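In each ligand, atom 1 is the first atom listed, and ligand 1 is the first ligand listed. Here, residue 1 is the first one in the sequence, and each next residue gets the next number. This is a predicted model, so every value here is computed, not measured.
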Amino acid sequence: MMELRQLELRRIALDLVTPFRTSFGTERHRDILLLSVTTDAGVGWGECVAMAEPAYSAEFVDAAVLAIRDHFWPTLAAGGALVPADVATRLHRYSGHPMSKAALEAAVLDAQLRADGINLHEFFGGQRDRIPSGVSVGIFDTLDELLAQVQGYVDDGYARIKLKIEPGWDMEPVRLVRELVGPEMGLQVDANTAYARTDTDHLRRLDEYDLLLIEQPLPEEDIIGHARLADECDTPICLDESLVSASGTADAIELGACEIANIKPGRVGGYLEAVRIHDLCVAKGVPVWCGGMLETGIGRAANAALAALPGFTLPGDISASTRFYARDIVTDPITIADGHVTVPTTPGLGFDLDRAFLDEVTTSRLGIEPRGTVTEL
Ligand code: NPQ
Ligand code: MG
């Protein structure tokens, strides 16, 4: 059990090495919220994966700051000493904001594991110490730019390529990339909800490119639409945005809408719920893989530990930190070697902060007492 002493909300600004365009917009820079929780047993860090704008989901950074500062942290602290699993329980009465809740849980988990001297990978009990690494490739203005980018990732050794698609950027990019990477390379697509039920015949044409899966073609709420699409397409349908809890995932699987699951801890409210979804999918025979939200070394280390669990049978979006950032805020950024990422073993979530660089990219710091008193740091 740990006593909560103080929370720090720290915002950092990082440039992306290259603009990342998806069907919901283009990202050039990140405004990332980090949490640092001080307890009687030591300090722990968590990363909030909310974006600056409510585009991927309803959450966004400014909202996360308010939700955590004014509601989640005071409620959490008012409950007295706690273990990591208490975070979700105490915040259960609050609707939504899974990424904010997940960041708090991660910070508490990091503090607890560091105090116990064990790493998240050990805590989860994953057997593998390295995992195959996939890369997510954005939408480009031209096919030449796309192919040059994909060739670069192939040269880096990535074990699997995921292409972002949208209406008007699908068949031709997929055809040319399949031709470029050859028949053996794992290839999949992610639509980020850009299609409609009426696009079924169009999406069926993807079957000829031997894709691992089609990720989230339809809107988040449209579970039945995904189930019907899954009946029509040979390529497995994978859900991302639609899966926000273990119980919702169970329903989607039962309805035939989720042939493969993308698990993102932020989207489902934390690493502990992510493990429950993994366990459920294993029980139901549904393959899972770990998604990515352009995490810094904090979230990337923790995702690697999660993805080492045995149900993660497909390569995830855990690429090298350099896929997105020229320099990471940790001293031991995730790298790729021989198509694999090594699961960190440092106590806690599995990283050490590069304090000097972290301070350099910090744009604001707020300290919050357990009773909710806020001070600018
Ligand atoms: C996905 N991620 O699987 C997401 C979507 C996504 C790696 O493809 C800033 C922060 C920009 C988070 C763009 C990948 C983002 C983001 C896309 C997440 O659907
Ligand atoms: Mg996705």
Handout entry: Salt bridge flag under 4.0 Å for residues D359 and R10
Key = yes
Problem - Charged N-O contact under 4.0 Å between K101 and E105 - result: no
Exercise for the section: Return the option from C238, S57, G292 holding the heavy atom at the smallest distance from atom 7 (C) of ligand 1. Expected result: G292
Problem - E215 touching ligand 1 at heavy-atom level, < 4.0 angstrom - result: yes
Problem - Part of K264 with heavy atoms under 4.0 Å of ligand 1, whether side chain, backbone, both or neither - result: side chain
Exercise for the section: Would you check if the Mg ion (ligand 2) lies under 2.8 Å from any N, O or S atom of E215? Expected result: yes
Practice task
Considering only NZ, NE, NH1 and NH2 on the basic side and carboxylate oxygens on the acidic side, decide whether R300 and D328 come within less than 4.0 Å.
Solution key: no
Exercise for the section: May I ask you to list the atoms of ligand 1 that are less than 4.0 angstrom from any heavy atom of F20? Expected result: 8 (O), 13 (C), 17 (C)
Handout entry: Distance filter under 4.0 Å to R30 heavy atoms, resulting ligand 1 atoms
Key = 9 (C), 10 (C)
Fill in the blank from the handout: Given the options L9, I329, T362, L34 meets side chain to side chain contact (heavy atoms under 4.5 Å, CB included) only with I329
Practice task
Below 4.0 angstrom from a heavy atom of D190, which ligand 1 atoms are there? Numbered from 1 as shown, please.
Solution key: 1 (C), 3 (O), 19 (O)
Practice task
Would you mind listing which atoms of ligand 1 come within a distance below 4.0 Å of any non-hydrogen atom of N192?
Solution key: 1 (C), 19 (O)
Exercise for the section: Sort out for me which residue in D86, L35, V87 forms a side chain to side chain contact (heavy atoms under 4.5 Å, CB included) with V108. Expected result: V87
Completion exercise
OD2 (D240) to the Mg ion (ligand 2) to OD2 (D190), nearest 10°, is 180°
Exercise for the section: Identify, by atom number and element, the atoms of ligand 1 in contact range of F24, meaning under 4.0 Å from any of its heavy atoms. Expected result: 6 (C), 13 (C), 17 (C)
Problem - Interfacing atoms of ligand 1 (cut-off 4.0 Å, heavy-atom, S136) - result: 7 (C), 8 (O), 14 (C)
Practice task
Using the six-membered ring wherever Trp is involved, compare the ring planes of Y94 and F72 and label them parallel, tilted or perpendicular (cut-offs 30° and 60°).
Solution key: tilted
Exercise for the section: Have a look at T193, D240, V49, L294 and point out the one with the heavy atom closest to atom 11 (C) of ligand 1. Expected result: L294
Problem - E53 atom CD: more than 12 heavy-atom contacts under 6.0 Å - result: no
Exercise for the section: Tell me yes or no: between the side chains of D207 and T235, is some donor less than 3.5 Å from an acceptor? Expected result: yes
Completion exercise
For atom 5 (C) of ligand 1, the closest protein heavy atom turns out to be K164 NZ, 3.7 Å
Exercise for the section: Going by heavy-atom distance to atom 3 (O) of ligand 1, choose the closest among E241, K162, M293. Expected result: K162
Problem - Modelled atom types, side-chain donor and acceptor of Q216 and T193, under 3.5 Å - result: no
